[in-house]
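Here the structure comes first, spelled out in structure tokens, and everything after it is commentary.
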Amino acid sequence: MRTTRTVPARPVLIVTLTLATAGSLLLGPDAAGADPKPVTREGAAVDDRAAEAPASAARRALAAAEETSTPTATRGYPRRRILSPDPENPGDKSLKLGLTPYHAIAPKLNALQRLGDRVSVEVTGRSAGGHRLYLVTVTAPETTRQARAQERMRELIENAPATAAKSPEIKRDYKTPVFVNSNIHGNEWEGTDASLKIVEQLATAKDARTRDLLAHSRLYFNITANPDGRIAGTRANANGFDLNRDFVTASQPETRAMRQIELDTQPAVLLDLHGYVNGTLIEPTTPPHGENYEYDLFLKNSYANALGMESAVNALGYTPARDGVEPAQIPFRDQEEGWDDWPPVFTPQYAAFHGTVAAHTVEIPLAVNNEEYEELPVPELRRRSAVNTAVAGAAIRATLNHVREHRTSLVADQIEVFRRGAAGAPQVPVSPETVPGVPGIGPEDVYTTTFPRAYVIPPGDSRTQRSAPAAARLVGHLLANDVRVTRATRPFRLAGRTYPTGSYVVDLHQPKRGMANVLLADGRDISGKVSVMYDISGWSLGRLWGATVEQVPSGSLRGAPLRPVTEATPVAHVPAHGDLRLRLTDPREIAALNSLLRQGVPVRRGPDGSAIVPASARREAVAAARAHDVSFAATRLTGGTPLRRLRVAAAVTPGELFALREMDFDVTPVSTAVLNAGFDWSGTDVLFVSAGLDHAALTAPARRALDAFLGDHGLVGRGATGAALNAAADRLAVRPVEGNPDANGVVRTKNTGRLTHDAPAHAFVYAPLWFTALGPGVRVEQSYAIGNPLVSGHWRPLRDGTGGPAAAAGQASVVSGGRTVLFGTEPLFRDHPKGEFPQVARALFTVAHSGSVEESG
């Protein structure tokens with residue numbers, strides 16, 4: 001329990017917090033007030049709305065995923081780019097709030113560049129909806145030579161930190177990088193407007209403090225990280241993704257653009273501007289804290305900057321009585337638990353692995369989105385937006401003051417982060433002695449880990465196809481996150497084991513060891529640490545992405561035949577003769593199969609669930625192998641059931657819809673509303689349901705049409721919604737049991753069915769479900785492991801003792817029968833657990849192509 005606070009602590013959980021004074025601040029007819037909103041979960045624990053994202057947004061995001069960026073020559077500053085205007089959009093949701101609509105941003109940035117020689121504008125990419133992403137850099141002018149010197153020093157800081165720590169040039173001349181990220185949630189608008197105002201002030205200010213700041217800093221402003229959501233007034237982008245949950249997966253182009261900004265600029269300080277928590281919430285956070293970064297350095301700097309932001313925000317003079325604005329709060333100091341540092345999916349927590357030593361989510365105070373946007377009068381919305389813009393501006397200005405005053409120590413601590421990683425030095429646990437000046441540090445704040453010596457990722461066998469696409473994808477993802485990877489040029493021994501030529505090795509003695517470990521490690525079961533988590537608690541790529549990842553606890557890499565790689569070795573392979581076999585154990589292989597079916601290639605299902613392609617389609621197979629980086633093997637198998645291109649109706653979450661399209665399924669989004677409006681089932685082969693389809697809420701005609709379709713076609717269901725439809729349609733005789741709805745993480749599983757053949761022995765769960773009372777003909781495809789199935793994450797029993805991992809142990813997690821498959825796991829969650837995707841693909845093919853699962857290969 002914390003013992004030092006300036007306001008009363010909140011000892012209960014974020015999901016149950018209320019404020020006794022809320023009623024006195026509700027807006028009356030003539031009152032100026034706001035609903036004070038303490039820290040609450042942003043949306044339901046499980047997304048139960050059916051996704052409606054257009055296929056074009058997915059195609060744009062997936063196409064961008066395949067692009068490789070070409071480094072450009074270093075140029076000096078300013079770097080002017082005249083932006084063409086966007087068409088005026090009277091439907092932009094920003095307009096109602098009196099804020100800057102997206103179509104006005106390009107002209108505004110053009111005008112800011114004309115104000116002098118301090119402002120530069122670049123386009124870092126396009127959103128899923130096709131809108132440009134703008135990065136504004138504000139700094140004192142630099143010649144090309146000076147810019148190259150900055151780049152050289154930046155690289156030295158990461159790549160040779162021990163040398164950088166002693167460099168007088170870096171201490172004297174290096175410009176401290178600061179990154180201000182705005183509007184990552186599209187309906188949290190005001191960070192964009194505050195940033196534009198700050199840029200304008202910096203462009204024209206003549207005072208000595210501003211000149212000193214810009215002479216010794218580069219300030220980077222991501223003006224709107226989510227233009228799709230800004231325009232539409234939605235939290236998510238055009239694909240329905242919460243971008244502040246996507247950093248581990250990086251499925252969306254906006255996330256990849258932010259990641260690239262961090263790689264290119266290596267910010268020492270980051271602000272991520274959000275809304276709405278009253279009073280203004282300024283991180284650092286409560287426990288649990290990320291165990292893979294150097295939390296002592298992170299807490300020291302983040303807390304110091306938070307105090308400055310708190311002072312600046314409170315100095316604006318807003319009061320609860322007059323303005324409805326509560327004093328600012330710092331969760332680390334003012335709360336017990338629930339607003340956590342644990343998952344690296346949030347912008348500040350992810351940035352810590354790239355050397356950011358002061359990183360903050362800032363939640364501005366007055367809600368103007370959701371029901372407030374619809375219900376409050378325009379003058380009140382604009383008053384609130386003006387207050388929020390001022391608060392965000394105060395936070396930015398305070399941060400810039402902190403950077404100007406402490407730039408030397410900020411850069412020194414960033415260097416120390418990289419030095420510890422490169423040297424394999426131990427972490428420093430936080431304590432009052434190691435982080436002086438931060439109140440209330442206790443044992444509940446100590447989160448450290450033991451880094452292994454290395455990870456080895458065997459390459460798989462491109463001729464047998466086993467694990468090869470998964471290993472290549474995982475290595476590519478590591479490299480995209482700036483993790484150093486080497487490859488063996490011949491067989492070698494490490495820690496008593498021999499590894500084959502081509503094995504990938506991730507040495508944990510590297511500057512960004514925290515990034516490598518947070519992606520590849522199992523993680524930890526933190527169920528006993530806190531009562532409930534704000535978001536996900538487990539995410540291991542080593543367990544969920546389908547590749548073999550072996551942890552090497554100790555040993556020496558000295559003399560090992562390893563060479564650095566900049567990309568994974570291509571997997572694509574097609575034998576010169578004979579019929580071809582394509583394993584279906586990786587999403588790339590599913591996409592390759594669907595591309596062949598789209599072309600009309602005659603493909604049959606093999607007895608082991610693989611796809612058999614005739615020799616006559618070798619040319620098409622070669623093209624598919626190259627496009628999707630998969631390998632085909634020669635086979636004498638003739639195959640059984642012919643496969644056809646599927647047309648899938650899907651009432652699913654945004655992440656699931658995106659994953660289906662990533663595997664190149666032909667998907668039509670549906671929901672209760674879509675079916676009630678009259679849906680033509682004639683072009684559909686199979687229905688996949690996990691969200692937004694309620695059988696009882698259908699009109700009588702819609703229900704009859706759905707029941708008629710299910711009578712002749714297949715159903716794949718996931719979670720409580722899928723199980724409920726299964727029961728309503730009287731298909732599979734099972735009893736679904738719902739676990740703790742807040743539980744999530746990586747679990748051990750036992751695969752016993754054909755749908756889960758060669759699947760990973762681990763799965764991801766959120767609000768886990770299992771099946772009991774299995775009737776005749778029900779087959780168990782997968783079960784939760786016996787004992788405690790949770791490997792990493794947070795899964796507690798409910799208060800009555802039910803719903804916990806012990807209750808799930810040994811129970812069926814995936815079942816099938818007839819033309820129905822039900823999942824109690826989350827195999828497509830947020831497009832993340834890649835190794836599980838093929839389970840869903842196999843289920844779709846199976847129920848669409850056969851009268852029963854037993855007939856499938």
Side-chain angles (χ1 to χ4, degrees), residues 11-17 41 43-48 286-288 291 336-338 340 342-343 444 447 521-540 543-544 690 717-724 727 734-752 756 760-774 780-815 822-827 829-830 832-833 836:
V12 291
L13 304 185
I14 56 174
V15 292
T16 58
L17 279 170
R41 186 190 299 279
V46 178
D47 193 346
D48 58 358
T286 67
E291 64 181 350
E336 296 294 342
E337 61 171 23
D340 60 88
W342 185 252
E444 72 276 11
Y447 284 80
D522 285 351
R524 193 200 304 188
D525 178 354
I526 59 168
S527 304
K529 294 288 187 178
V530 293
S531 302
V532 70
M533 290 291 286
Y534 181 64
D535 202 73
I536 65 167
S537 314
W539 51 84
S540 171
R543 297 298 186 185
L544 298 176
S690 67
R718 199 271 305 158
T721 300
V734 298
R735 184 173 68 211
V737 180
E738 297 184 35
N740 187 330
D742 288 315
N744 68 86
V746 180
V747 295
R748 293 182 296 116
T749 58
K750 181 180 180 181
N751 296 314
T752 54
T756 57
H762 296 80
F764 186 81
V765 295
Y766 205 137
L769 193 77
W770 54 93
F771 304 97
T772 62
L774 308 182
V780 177
E781 297 284 343
Q782 182 189 80
S783 302
Y784 294 106
I786 60 174
N788 180 5
L790 185 66
V791 173
S792 60
H794 190 279
W795 187 354
R796 287 183 170 189
L798 298 168
R799 290 186 177 182
D800 63 2
T802 65
Q811 300 292 341
S813 55
V814 183
V815 294
L822 299 177
F823 288 87
T825 59
E826 282 265 13
F829 183 76
R830 295 180 186 168
H832 178 68
E836 296 183 70

At what distance, to the nearest 0.5 angstrom, does [atom1] of [X] lie from [atom2] of [Y]?
{"X": "N788", "Y": "D525", "atom1": "CG", "atom2": "CG", "value": "6.0 Å"}
{"X": "N751", "Y": "H762", "atom1": "CG", "atom2": "NE2", "value": "10.5 Å"}
{"X": "W539", "Y": "S792", "atom1": "CH2", "atom2": "OG", "value": "7.5 Å"}

- R830 with D535: basic N within carboxylate O range, under 4.0 Å: yes

- Side-chain donor-acceptor pair under 3.5 Å between S527 and R796, yes or no? no

[X] to [Y] - nearest heavy-atom pair and separation:
{"X": "A809", "Y": "P789", "answer": "CB-CD, 4.2 Å"}
{"X": "A812", "Y": "S783", "answer": "CA-OG, 4.0 Å"}
{"X": "A723", "Y": "F771", "answer": "CB-CE2, 4.5 Å"}
{"X": "A521", "Y": "S540", "answer": "O-OG, 2.9 Å"}

Using modelled atom types only, decide if a donor and an acceptor are shared between the side chain of [X] and the backbone of [Y] within a distance under 3.5 Å.
{"X": "R543", "Y": "V747", "result": "no"}
{"X": "T752", "Y": "V780", "result": "yes"}
{"X": "T756", "Y": "E781", "result": "yes"}
{"X": "N744", "Y": "S537", "result": "yes"}
{"X": "S690", "Y": "G719", "result": "no"}
{"X": "D340", "Y": "Y534", "result": "yes"}

- Query: How are the rings of Y784 and W795 set to each other: parallel, tilted or perpendicular (split at 30° and 60°)?
  - Reply: perpendicular

Close side-chain approach of [X] and [Y], heavy atoms under 4.5 Å:
{"X": "R718", "Y": "P827", "answer": "yes"}
{"X": "V530", "Y": "W342", "answer": "no"}
{"X": "E836", "Y": "F764", "answer": "yes"}
{"X": "I526", "Y": "M533", "answer": "yes"}
{"X": "D522", "Y": "V746", "answer": "no"}
{"X": "D742", "Y": "H794", "answer": "no"}
{"X": "T825", "Y": "Q782", "answer": "yes"}
{"X": "P805", "Y": "N740", "answer": "no"}

- Task: Test K529 against R524 for side-chain contact (heavy atoms from CB on, under 4.5 Å), laying out the working first.
- Result: CA-CA 11 Å; K529 294 288 187 178; R524 193 200 304 188; 3.6 Å; yes

- Message: Determine whether V765 and E826 satisfy the following criterion, side-chain contact (heavy atoms from CB on, under 4.5 Å), listing intermediate values before the conclusion.
- Response: CA-CA 5 Å; V765 295; E826 282 265 13; 5.6 Å; no

